[in-house]
Amino acid sequence: MLVSAEQIAARVPVLAHEIAAALGPSPRDPVLLAVMTGALIFAADLIRHLPVPLRIALATVTSYPGTATSSQGARLKGELPPDLAGRDVLLVDDILDSGRTLGLLQREILARAPASLRTVVLLRKHAARSLPIVCEHVGFDIPDEFVVGYGLDYDGYYRNLPAVHAMVPATS
Ligand code: IMP
Ligand code: MG
């Protein structure tokens, strides 16, 4: 186990508080854009600590198809919400790894002229290969290991684990 359910439960309200403070007293029609599917659990916990009137939107990016454990390049599936212009956008993802996913989404969002863009991730891997991605709010820095749980999957499984675990190859 790398991050316990208790550590997450303690950190999420702190992140939400930071975000609310950064948005200020009069946010501009804020929209929380959660990256499916991994950010589902984190976003659900985070929004309940955000005392901000906001809307929720979803973006789907595929980068780890099936059993791959290293990024295969990010691709946007479907469209972003059409109405991001002039709004405060909060981009929420589970983990920053190579940065391809958030790099792609940040470019696409900024091209739509939002009032502001902030990015929050639960986890950030320390990897030399990472792109320099601006990420204002980070839950936990973790070692460069493949992790599952709290929304993160391996081939679609383990998202329902309450804590974050490193995948350890089976010994036989
Ligand atoms: P990036 O594009 O390489 O930064 O990867 C980000 C996306 O890949 C995240 O949104 C995750 O869904 C997925 N991902 C990255 N690292 C892991 C991991 O260790 N376990 C599970 N999914 C991961
Ligand atoms: Mg993801």
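Counting starts at 1 for both ligands and their atoms, in listed order. This structure is a prediction, so every number in the text was calculated from the model and none was measured.
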Run the contact test for D94 against ligand 1 with a 4.0 Å cut-off on heavy atoms, strictly below, and give the result. yes

Quick note on ligand 1: atoms under 4.0 Å from a heavy atom of D153 include exactly 21 (C)

Heavy-atom check, side chain of Y150 versus side chain of I8, under 4.5 Å: yes

State plainly whether one hydrophobic cluster holds both M1 and F140, where clusters connect Ile, Leu, Val, Met, Phe, Trp and Tyr through side-chain heavy atoms under 4.5 angstrom apart. no

For D93, counting its heavy atoms only, list the atoms of ligand 1 lying under 4.0 Å from any of them. 9 (C), 10 (O)

Given side-chain contact (heavy atoms from CB on, under 4.5 Å), test V148 with L161 step by step and report yes or no. CA-CA 8 Å; V148 296; L161 296 176; 4.3 Å; yes

Is there a path from I56 to L46 through hydrophobic residues (I, L, V, M, F, W, Y) whose side chains come within less than 4.5 Å of each other? yes

Considering only heavy atoms, does E145 approach ligand 1 within less than 4.0 Å through its side chain, its backbone, both, or neither? backbone

Find the distance between CE (M36) and CG (D93) and round it off to the nearest 0.5 Å. 9.0 Å

Mark the output for M167 as yes if a heavy-atom distance to ligand 1 is under 4.0 Å, and as no if none is. no

Going only through I, L, V, M, F, W and Y residues with side-chain contacts under 4.5 Å, is there a path from V14 to L32? no

Results of side-chain contact (heavy atoms from CB on, under 4.5 Å) for V138 - residues two or more places apart only: V121, R124, C135, D141

Would you say A74 contacts ligand 1, with heavy atoms under 4.0 Å as the rule? no

Check whether any N or O atom of G99, backbone or side chain, sits under 3.5 Å from an N or O atom of ligand 1, and answer yes or no. yes

Is G38 near ligand 1, meaning one of its heavy atoms is under 4.0 Å from it? no

Atoms of ligand 1 less than 4.0 Å from K125 heavy atoms? 16 (N), 17 (C), 18 (C), 19 (O)

If you count the atoms of ligand 1 from 1 in the order shown, which ones are under 4.0 Å from a heavy atom of S98? 1 (P), 2 (O), 3 (O), 4 (O)

Atom 19 (O) of ligand 1: which of T101, D97, V164, V147 has the nearest heavy atom? V147

Is there a side-chain contact (heavy atoms from CB on, under 4.5 Å) between V120 and E136? Walk through the geometry before answering. CA-CA 6 Å; V120 55; E136 289 82 3; over 6 Å; no

I'd like to know if V148 contacts ligand 1, where contact means a heavy-atom distance under 4.0 Å to any ligand atom. no

